[in-house]
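Taking it in order: structure first as structure tokens, then the write-up.
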Amino acid sequence: MPELPEVETTRLGITPHILGHKIIDVVIRQRKLRWPIPRGLAQKLQGQTIQAVERRAKYLLLKIETGTLILHLGMSGSLRILPANTPAEKHDHFDLVFNNGLCLRLTDPRRFGAVLWSKEPVEQHKLIQHLGPEPLSEAFNANDLYSKSRGRKVSVKQFIMDGKVVVGVGNIYASEALFLAGIHPKKAAGKISAERYELLVSSIKKVLAAAIEQGGTTLRDFVGGDGKPGYFAQQLNVYGRTSEPCSTCGQPIKQLTLGQRSTYYCPNCQH
DNA sequence: AATCGCGCCTGACGGC
DNA sequence: TGCCGTCAGGCGCGAT
């Protein structure tokens, strides 16, 4: 499932092929994604040139003169660059066709993704405007996290997965970052010291940056057709490793559920 | 204001 | 082999 590192890697992969190029066709095969693809979108995009390819949280932002195309990959979405005439397969819902003979194609079996349009400055868009800081920016720091956590009774894992607190920390990397920081996922956010938040912030940054770096080397081929861009198998210490020995102490990794999400941790290393 | 839990959707997987 | 139930999961949203 695309977490922030996959989305960022996707951004880096598609940018050179679409930046500065003109959209000559828009193909919508399935409008029913998480929200319907808006009516009239094709006409808004037709003939426009991509001026920037940005990312906010897990939203990809394709900026053109008159507004911003917002893309989200949901659970199972992926974007590829293909020759413009590549036949569509099942789950290929949306194409942008460019004047360089290439096509940006959205594939999304579960359709939790989204294709939306923002006319106003995209920072003011409903889905964007209330988002917390980017995890890899300086705005995300221990002071900020600590002050936001005071009085909060939710588990620290749910807390760092809350997009108003910090964006882009998904289920996998939340478990991984807490493992690195030695913090038990169930511990109440409001009961964690400033010192430990210092460690947690650096762990989140470290885990995400490492995954993005690995993505850059693993996911090199965005052009071509060989199936989906295989999202990289990140080295994971705890996620999905129930009963396997902890890489630090050898104790079996445990699993629990927090906020309807499976959560993995080492009962010996995390408190 | 904070918290809880629903729902969207399909593929994979286990049991029979 | 085939059918069916269950689960995973991002994240906005409505209810409490």
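When reading the values below, keep in mind they use all heavy atoms of this one structure, side chains included, and skip hydrogens, waters and symmetry mates. Quick note on labels: first sequence line is chain A, next is B, and so on, each numbered from 1. As the structure is a computational prediction, the values presented were derived from the model and not from experiment.
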Between dC11(C) atom P and N171(A) atom CG, what is the distance in whole Å? 11 Å
Could you write nucleotides 8-15 of chain B as a row of B, S and -, 5' to 3', where a protein heavy atom under 4.0 Å of any base atom gives B, of only sugar-phosphate atoms gives S, and otherwise -? BBBB----
Just checking E65(A): does its CD atom have more than 12 heavy atoms from other residues, nucleotides or ligands closer to it than 6.0 angstrom? no
Would you check if L258(A) and K186(A) make a side-chain contact, meaning some heavy-atom pair closer than 4.5 Å? yes
For DNA chain B, whose closest nucleotide is more 5', that of K148(A) or that of R261(A)? K148(A)
With heavy-atom distances below 4.5 Å as the criterion, would you say the side chains of H72(A) and L33(A) are in contact? no
Strictly below 4.0 Å, heavy-atom distances to any atom of DNA chain C: list the hits from residues 115-134 of chain A, or just say none. K126(A), L127(A)
Quick one: do L82(A) and L102(A) satisfy side-chain contact (heavy atoms from CB on, under 4.5 Å)? Show the steps, please. CA-CA 6 Å; L82(A) 299 166; L102(A) 297 176; over 6 Å; no
Toward the 5' end of DNA chain C, which comes first, Q255(A) or Y59(A), by nearest nucleotide? Q255(A)
Inspect the contact between K63(A) and E123(A) and indicate whether a charged nitrogen and a carboxylate oxygen are less than 4.0 angstrom apart. yes
What integer distance in Å separates K186(A):NZ from dT3(B):C1'? 16 Å
Please evaluate residues F140(A) and K205(A) with respect to the criterion side-chain contact (heavy atoms from CB on, under 4.5 Å), reporting the C-alpha separation (whole Å), side-chain torsions for both, the decisive distance (0.1 Å), and the verdict. CA-CA 9 Å; F140(A) 176 58; K205(A) 288 176 189 277; 4.0 Å; yes
Rounded to the nearest angstrom, tell me the gap between atom CD in E3(A) and atom C1' in dC11(C). 13 Å
L178(A) vs T263(A) side-chain heavy atoms within contact, under 4.5 Å: no
Assess whether a salt bridge exists between R80(A) and D92(A), defined as any Lys/Arg side-chain N lying under 4.0 Å from an Asp/Glu carboxylate O. yes
